[in-house]
Amino acid sequence: MTRSPLTDAFGHQVWATIRLLDACAALEPAQLETAVTGTFGPIIGTLRHLVGADTSYLALLSDGQVDMLDEDAGADLPTLRAAMEASGPVWARLVAQDLDPDEMVVRHRDDGSQSRAPRGIRLAQALHHGTDHRSQICTALTTLGFEPPAIDVWDFAAVDGRLGEVAPPA
């Protein structure tokens, strides 16, 4: 059976976000309110936005198989982590399908407006959005003196046992 190349991309997305949420669980409430110039905003606000957007993208692309997380509702870290955990299997099922990247996906907004974009663009946006905001949070952690968790794709592959390194010959 052939796996979709997107399986690893979205597996990493969920894994990296959960690792970052776990790292932020060690922060004091005041530290979670840290904002760094050039980033989205406070760490907790960025985490809420990150998970809220991820669930929003997934709800749209999966025809509502997950509940969207309202990023303005003040979710705590355990709630955000639970939302990401719940999203993982849905992303995996979604990207395992034979998806048409050119299929137009329409988001109907509450105000009556619409956003139209091909499925492939929406998938790319979900990945880009997650990477961008995880990087911002890692920057904020660094300014607080914390070592950010190792969350790049190579780390994901190593943890999953799918990265091999061979030393040069002696």
Side-chain angles (χ1 to χ4, degrees), residues 1-29 31-32 34 36 39-62 65-69 71 75-99 101 119-120 122-170:
M1 178 176 183
T2 307
R3 289 183 331 119
S4 165
L6 293 174
T7 300
D8 288 331
F10 283 93
H12 169 262
Q13 170 102 336
V14 172
W15 173 85
T17 301
I18 288 172
R19 283 197 49 137
L20 192 54
L21 287 161
D22 288 348
C24 289
L27 300 178
E28 298 294 327
Q31 292 171 317
L32 286 169
T34 299
V36 176
T39 65
F40 179 83
I43 293 171
I44 188 64
T46 306
L47 288 167
R48 289 173 181 146
H49 174 69
L50 169 62
V51 176
D54 192 82
T55 60
S56 177
Y57 295 136
L58 183 54
L60 176 65
L61 293 167
S62 70
Q65 292 182 35
V66 297
D67 292 328
M68 290 191 305
L69 182 119
E71 63 187 81
D76 60 11
L77 293 176
T79 301
L80 297 173
R81 190 182 200 287
M84 282 309 296
E85 284 179 337
S87 292
V90 182
W91 277 120
R93 284 193 305 273
L94 176 69
V95 300
Q97 298 173 35
D98 184 21
L99 301 172
R119 183 175 296 278
R122 291 194 183 275
L123 290 167
Q125 170 58 21
L127 293 171
H128 166 73
H129 185 265
T131 299
D132 187 35
H133 288 304
R134 283 190 302 272
S135 176
Q136 293 174 2
I137 295 164
C138 287
T139 298
L141 289 172
T142 301
T143 66
L144 289 170
F146 288 91
E147 179 73 24
I151 57 171
D152 73 19
V153 177
W154 296 125
D155 297 313
F156 173 69
V159 167
D160 201 37
R162 294 187 295 138
L163 177 66
E165 296 288 338
V166 177

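Screening residues 135-147 for side-chain hydrogen bond (donor to acceptor under 3.5 Å, both in side chains) gives His133-Gln136 as the qualifying pairs, with residues at least two apart or on separate chains.
Below 30°, between 30° and 60°, or above 60°: for Phe156 and His12 the angle between ring planes is above 60°, a perpendicular geometry.
Across every non-hydrogen atom of Leu99 and Val95, the tightest pair is CD1-CA, 4.1 Å. Cys24 approaches Ile137 most closely through the heavy-atom pair SG-CG2, 4.0 Å. Nearest heavy atoms, Val66 versus Ala86: CG1-O, 4.4 Å. Between Ala16 and Arg134 the shortest heavy-atom distance is CB-NE, 3.5 Å.
Within 6.0 Å of the CG atom in Asp76, the count of heavy atoms belonging to other residues, nucleotides or ligands exceeds 12.
For the pair Glu71 and Val51, the minimum side-chain heavy-atom distance is 4.5 Å or more. Looking only at side-chain heavy atoms (C-beta outward), Asp8 and Arg162 come within less than 4.5 Å of each other. Contact check for Ser87 versus Asp54: side-chain heavy atoms found under the 4.5 Å cut-off. Between Trp15 and Asp160 there is no side-chain heavy-atom pair separated by less than 4.5 Å.
Of the possible donor and acceptor atoms, one in the side chain of Thr55 sits under 3.5 Å from a partner among the backbone N and O of Leu69. The closest donor-acceptor contact from the side chain of Arg48 to the backbone of Ala75 lies under 3.5 Å. Remark: side-chain polar atoms of Arg122 are not paired, donor with acceptor, to backbone N or O of Tyr57 under 3.5 angstrom. A donor-acceptor pair under 3.5 Å links the side-chain atoms of Thr46 to the main chain of Gly41, judged by distance alone.
Atom CG of Leu47 sits about 7.5 Å away from atom CG of Leu32, to the nearest 0.5 Å. The OG atom of Ser62 sits 9.0 Å away from atom CD of Gln97, with the distance rounded to the nearest 0.5 Å. The CH2 atom of Trp91 lies 9.5 Å from the CG atom of Leu6; values are rounded to the nearest 0.5 Å. With values rounded to the nearest 0.5 angstrom, Thr17 atom OG1 is found 7.5 Å from Ile151 atom CD1. With values rounded to the nearest 0.5 angstrom, Ser56 atom OG is found 9.0 Å from Leu61 atom CG. A distance of 9.5 Å separates CG of Leu21 from CD of Glu85, quoted to the nearest 0.5 Å.
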* Could you go step by step and tell me if Gln13 and His129 meet the side-chain contact (heavy atoms from CB on, under 4.5 Å) rule? -> CA-CA 10 Å; Gln13 170 102 336; His129 185 265; over 6 Å; no

* Asked: Should Phe10 and Leu123 be marked as a side-chain contact (heavy atoms from CB on, under 4.5 Å) after you check the CA-CA gap, both sets of side-chain angles, and the distance that decides it?
  -> CA-CA 9 Å; Phe10 283 93; Leu123 290 167; 3.8 Å; yes

* Asked: Between Leu141 and Leu20, is a side-chain contact (heavy atoms from CB on, under 4.5 Å) present by the stated rule, with each step listed?
  -> CA-CA 10 Å; Leu141 289 172; Leu20 192 54; 3.8 Å; yes

* Test Thr34 against Leu27 for side-chain contact (heavy atoms from CB on, under 4.5 Å), laying out the working first. => CA-CA 10 Å; Thr34 299; Leu27 300 178; over 6 Å; no

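Between Arg19 and Asp155 there is no salt bridge, since no side-chain nitrogen of the basic residue lies less than 4.0 Å from a carboxylate oxygen of the acidic one.
Scanning for side chain to side chain contact (heavy atoms under 4.5 Å, CB included) contacts around Leu163 gives Trp154, Ala157, Ala158, Glu165, with sequence neighbours left out.
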